[in-house]
Amino acid sequence: MNASELRAYLEKARTIAVLGAHRDPSRPAHYVPKYLWERGYRILPVNPRFAGEELFGERVVASLRELGEPVDLLDVFRPPEALMDHLEEVLALRPGLVWLQSGIRHPGFEAALREAGIPLVADRCLMVEHRRLFP
């Protein structure tokens with residue numbers, strides 16, 4: 001996805017699910033979604049460790065299956081070796097775009113998303129890219 005495609009997608013996106021969202025402000029899985037929330041995106045946090053708590057004005061759910069609505073973007077903060085455990089949920093959710101944060105790549109997971117027709121950005125920080133595209 002090139003810069004103009006990303007910019008156009010992020011302009012129309014409203015709801016971002018964050019797989020692996022964290023409550024610790026020093027962790028990227030907290031400050032990246034917080035940055036996006038402060039810019040007007042609705043953040044749906046997903047993490048079984050914090051299920052039932054509130055982050056970014058929303059209740060944290062334990063799994064993607066618990067999200068009762070479509071999402072424009074799925075931002076993933078999970079280690080590469082854990083991605084295949086989430087594949088079925090991601091395919092069922094059918095987000096408009098899956099974003100694997102910096103350092104996250106998994107050829108099998110990425111191929112399965114492409115095969116399902118789900119656009120993907122891998123190994124890039126959504127906050128960094130958003131700042132670059134919307135200075």
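Below, all heavy atoms of this structure are taken into account, side chains as well, without hydrogens, waters or symmetry copies.
The distance from the CG atom of L74 to the CD1 atom of I118 is 9.0 Å, given to the nearest 0.5 Å. The CG atom of D123 lies 14.0 Å from the NE2 atom of H106; values are rounded to the nearest 0.5 Å. Once rounded to the nearest 0.5 Å, the distance linking CG of L126 with CG of L73 reads 6.0 Å. Rounding to the nearest 0.5 Å places CH2 of W99 at 10.0 Å from CG of L120.
With no hydrogens or angles considered, a side-chain donor-acceptor pair links H86 and R78 at under 3.5 Å.
Residue pairs that meet the salt bridge (charged side-chain N to carboxylate O under 4.0 Å, His left out) test with at least one member in residues 96-112, sequence neighbours left out, are R105-E110, E110-R114. Under the salt bridge (charged side-chain N to carboxylate O under 4.0 Å, His left out) criterion, the residue pairs touching residues 24-37 are K34-E38, with sequence neighbours excluded. Listed by first and then second residue, the salt bridge (charged side-chain N to carboxylate O under 4.0 Å, His left out) pairs that reach into residues 8-17 are R7-E11, sequence neighbours excluded.
Here the rule is side chain to side chain contact (heavy atoms under 4.5 Å, CB included) with Q101, and of V76, V121, V32 only V32 fits it.
Side-chain heavy atoms closer than 4.5 Å link hydrophobic residues (I, L, V, M, F, W, Y) into clusters, and following such links, possibly through other members, connects L97 to W37. In this structure, L64 is not a member of the same hydrophobic cluster as L55, with clusters built from ILVMFWY side-chain heavy atoms closer than 4.5 Å. Under the 4.5 Å side-chain contact rule for hydrophobic residues, F56 and L67 do not share a cluster. Residues I16 and L19 are members of separate hydrophobic clusters, defined by side-chain heavy-atom contacts under 4.5 angstrom among Ile, Leu, Val, Met, Phe, Trp and Tyr. L113 and M1 fall into different hydrophobic clusters, defined by Ile, Leu, Val, Met, Phe, Trp and Tyr side-chain heavy atoms under 4.5 Å apart, directly or through other members.
By the ring-ring contact (aromatic ring centres under 6.0 Å, His included) test, H22 is found to be paired with F50, residues two or more places apart in sequence or in another chain being considered. Residues satisfying the side-chain contact (heavy atoms from CB on, under 4.5 Å) criterion with P70, sequence neighbours excluded, are absent altogether. Residues satisfying the salt bridge (Lys or Arg N to Asp or Glu O under 4.0 Å) test with E89, not counting sequence neighbours, are R65. The side-chain contact (heavy atoms from CB on, under 4.5 Å) check on D85 picks up nothing, with sequence neighbours excluded. Under the side-chain contact (heavy atoms from CB on, under 4.5 Å) criterion, A62 pairs with P48, A51, E66, sequence neighbours left out. For the side-chain contact (heavy atoms from CB on, under 4.5 Å) test, residues two or more places apart in sequence or in another chain that qualify with E69 are T15, R42, L44. By the salt bridge (Lys or Arg N to Asp or Glu O under 4.0 Å) test, E115 is found to be paired with no residue, residues two or more places apart in sequence or in another chain being considered. The salt bridge (Lys or Arg N to Asp or Glu O under 4.0 Å) check on E54 picks up nothing, with sequence neighbours excluded.
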Can you give me every donor-acceptor pair (side chain of residues 128-135, partner residue at least two apart or in another chain, under 3.5 Å) with its distance?
from, atom 1, to, atom 2, distance (Å)
E129, OE1, R124, NH2, 3.3
E129, OE1, R132, NE, 3.0
E129, OE1, R132, NH2, 2.5
H130, ND1, Y35, OH, 2.9
H130, NE2, Y41, OH, 3.3

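Annotation for A116 and L91: closest pair CB-CD2, 3.6 Å, computed over non-hydrogen atoms. Here the shortest heavy-atom pairing between P80 and G103 reads CG-O, 4.1 Å. Shown here for S102 and C125, the closest heavy-atom pair between the two residues is OG-N, 3.2 Å.
Judged by distance alone, the side chain of D75 and the main-chain N or O of V18 form no donor-acceptor pair under 3.5 Å.
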| said: Would F77 and H30 count as a ring-ring contact (aromatic ring centres under 6.0 Å, His included) here? Give the steps. | reply: CA-CA 10 Å; F77 288 90; H30 180 89; over 10 Å; no
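E88 CD: 12 or fewer foreign heavy atoms inside a 6.0 Å radius.
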